[in-house]
Structure formats: structure tokens, C-alpha cells
J.: 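Here's a structure for you.
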Amino acid sequence: MTTQRLPFPVPDERAHYFVGSYADMHDLVEDLVVPAGAPEAAAIVLRTARELLRQSYYCYEFSTVAVMHSLIAVEIVLRDRIPDTGKKPLHQLIKQGAADGILTARQAEYLDYGRQIRNGMAHGQTTHAVMPPAMAVPMVTTSFTIVSELCTAVRCH
């Protein structure tokens, strides 16, 4: 078996379109604070999404993965807030959350848009999609905000 030695990370050449150095990545994500009271599983996922955004300095595609990953946190919280979710897919959770008043119409709209992006990639309809960090940060911020709003409205478990 041949051992493959990977190089140390170097900045992606596209990173300099949005920051001057890796240290500047902190400014992009400093407002992404994991909400107090979020279920631990959702908190872990949100921290991972935030770190993926920072690491997109080295691997540009991580910004797209961060968006997809941040939706997992929202799904975790929706399952926490909506009784008897079973194995319902995210689109049904969004519909039920909106119908039950757990989600606002704005939240449901944003989540459904994110869900469509995620599904397009997960099911191979969209391949090698690259979402620049400037586009990814607001989408991940939306997931952080919705988790915070859901956990503030009624204490999450």
C-alpha cells in the first residue's frame, strides 16, 4: 500500500477576493454565535458550520458545505419543537412548523430555499456548486438566527 502525503493547506487563490489573510476570516464569522439554550447537537453543528466558513480560506468549497451543514442544526431544533416528527423530511417539518406557528412565513421561506439548494447538491442535481463566502455567510447567519429565534420563543430541550 502506498502512503499518500498531502501538502499543508495553502490559501485558495479565490480567498483573496473576500479577505486579505486567514486572520481576516474571523471578521466574517464573528457574529455567528451559538445561541444559548440550543440543543447540544444543534450547537455542535452550528460550530462546525462556522468553522467550515473559516476554513473556506483554504478550501473554497467549504463555504457551500457550511450552508448545507447549518440547515442540519435548524432541522434538529424543529424536531425538538414539533411533536411526533418521526422520520418526516425537512420540507414537511417546515410546512408543519409554519402551520403550527412555530415558524414565521419568512423563516419558512428561507428554510425552504436552503432546503432546495441542499437537496440539489445531495441528490446530484447540482454538482460541484461553489458558493462564495460572501453569499454563504448570510445563509449560515440565517440558520443561526432561526435556531436562536426558535430556542428563544420556547425553551428547547
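Reckoned from all heavy atoms, side chains included, excluding hydrogens, waters and symmetry mates.
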J.: Measuring only between side-chain heavy atoms, which start at C-beta, is Tyr57 closer than 4.5 Å to His16?
T.: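 Yes - at least one pair of side-chain heavy atoms lies under 4.5 Å apart.
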
J.: Would a distance-only check, ignoring hydrogens and angles, find a side-chain to backbone donor-acceptor pair under 3.5 Å from Asp24 to Ser21?
T.: yes

J.: Applying salt bridge (Lys or Arg N to Asp or Glu O under 4.0 Å) to Arg47 and Glu51, what does each step give before you reach the verdict?
T.: CA-CA 6 Å; Arg47 284 192 290 271; Glu51 190 60 26; over 6 Å; no

J.: Do Val29 and Val140 sit in the same hydrophobic cluster, where Ile, Leu, Val, Met, Phe, Trp and Tyr count as joined when their side-chain heavy atoms come under 4.5 Å apart?
T.: yes

J.: Tell me whether Glu30 at atom CD has more than 12 heavy atoms from other residues, nucleotides or ligands lying less than 6.0 Å away.
T.: yes

J.: With distance as the sole test, does Arg50 use its side chain to make a donor-acceptor pair with the main-chain N or O of Leu32 at under 3.5 Å?
T.: yes

J.: Within the supplied structure, the quantity of interest is the number of heavy atoms (other residues, nucleotides, ligands) at a distance under 6.0 Å from Phe144 CZ; does it exceed 12?
T.: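 Above 12, so yes.
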
J.: Any side-chain to backbone donor/acceptor pair from Asp12 onto Arg14? Under 3.5 Å, distance only.
T.: yes

J.: How long is the span from the CD1 atom in Ile82 to the NZ atom in Lys88, to the nearest 0.5 Å?
T.: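 The NZ atom of Lys88 is 7.5 Å from CD1 of Ile82, to the nearest 0.5 Å.
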
J.: Where is the tightest heavy-atom contact between Ala66 and Leu52, given as atom of each residue plus distance?
T.: CB-CB, 3.8 Å

J.: How far apart are the C-alpha atoms of Tyr58 and Tyr22, what are their side-chain angles, what is the distance that settles it, and do they pass the side-chain contact (heavy atoms from CB on, under 4.5 Å) test?
T.: CA-CA 8 Å; Tyr58 296 108; Tyr22 177 72; 3.5 Å; yes

J.: Quick one: which of Thr145, Thr152, Ile146 gives a side chain to side chain contact (heavy atoms under 4.5 Å, CB included) with Ser148?
T.: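 Among the candidates, only Thr152 passes.
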
J.: Are Pro39 and Val77 side-chain neighbours, meaning at least one heavy-atom pair lies under 4.5 Å?
T.: yes

J.: How long is the span from the CG atom in Asp112 to the OH atom in Tyr110, to the nearest 0.5 Å?
T.: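 Going from the CG atom of Asp112 to the OH atom of Tyr110 covers 13.5 Å.
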
J.: Could you go through Met25 and Leu53, starting from their C-alpha distance and side-chain angles, then the distance that decides it, and tell me whether this counts as side-chain contact (heavy atoms from CB on, under 4.5 Å)?
T.: CA-CA 8 Å; Met25 294 301 290; Leu53 282 172; 5.6 Å; no

J.: I'd like to know if Leu71 and Val137 are part of one continuous hydrophobic network [Ile/Leu/Val/Met/Phe/Trp/Tyr, side-chain heavy atoms within less than 4.5 Å].
T.: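 Yes, Val137 connects to Leu71 through the hydrophobic network.
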
J.: So do Leu111 and Thr142 actually touch side chain to side chain, heavy atoms under 4.5 Å?
T.: no

J.: In the structure I gave you, are the side-chain heavy atoms of Leu90 and Leu78 within less than 4.5 Å of one another anywhere?
T.: yes

J.: Between His69 and Ile72, does the side-chain contact (heavy atoms from CB on, under 4.5 Å) criterion hold? Intermediate values first, please.
T.: CA-CA 5 Å; His69 206 69; Ile72 295 169; 3.7 Å; yes

J.: With a 6.0 Å cut-off (strictly less than), is the heavy-atom count around OH of Tyr17, excluding the residue itself, greater than 12?
T.: no

J.: Walk me through whether Thr104 and Glu109 qualify under side-chain contact (heavy atoms from CB on, under 4.5 Å).
T.: CA-CA 9 Å; Thr104 65; Glu109 180 182 338; over 6 Å; no

J.: Give a yes-or-no answer on whether the side chains of Gln92 and Gln96 include a donor-acceptor pair shorter than 3.5 Å.
T.: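 No, no side-chain donor-acceptor pair sits under 3.5 Å.
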
J.: Side-chain heavy atoms nearer than 4.5 Å, only ILVMFWY residues, links allowed to pass through others: does that put Val34 and Leu150 together?
T.: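 Yes; Leu150 is reachable from Val34 via cluster members.
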
J.: Are Tyr113 and Val65 connected into the same hydrophobic cluster when the rule is that any two of I, L, V, M, F, W, Y join if their side-chain heavy atoms are below 4.5 Å apart?
T.: no

J.: Verify the distance criterion only: is there a donor paired with an acceptor across the side chains of Ser63 and Ser56 at less than 3.5 Å?
T.: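 Ser63 vs Ser56: no donor-acceptor pair found between side chains.
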
J.: Do you know which two heavy atoms are closest between Pro35 and Leu46, and how far apart they sit?
T.: CD-CD1, 3.8 Å

J.: Is there a donor-acceptor contact under 3.5 Å from the side chain of Arg54 to the main chain of Leu28?
T.: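 Not at all, since once roles are kept as given, no pair shorter than 3.5 Å links the two residues.
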
J.: Do the rings of Tyr60 and Phe18 sit parallel, tilted or perpendicular, given the 30° and 60° boundaries?
T.: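 Ring orientation, 0 to 90° scale: tilted.
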
J.: Within a strict 4.5 Å, meaning less than it, do heavy atoms of the Ser70 and Met139 side chains meet?
T.: no

J.: Please say yes or no: joined through hydrophobic side-chain contacts below 4.5 Å, possibly via intermediate residues, are Val45 and Ile94 part of one cluster?
T.: no

J.: Are there over 12 heavy-atom neighbours, none belonging to Gln116, within less than 6.0 Å of that residue's CD?
T.: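 Counting neighbours around CD of Gln116, more than 12 heavy atoms of other residues, nucleotides or ligands fall under 6.0 Å, so yes.
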
J.: Could you measure the distance from the CD1 atom of Ile117 to the CE atom of Met68? Nearest 0.5 Å is fine.
T.: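 With rounding to 0.5 Å, CD1 (Ile117) is 10.0 Å from CE (Met68).
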
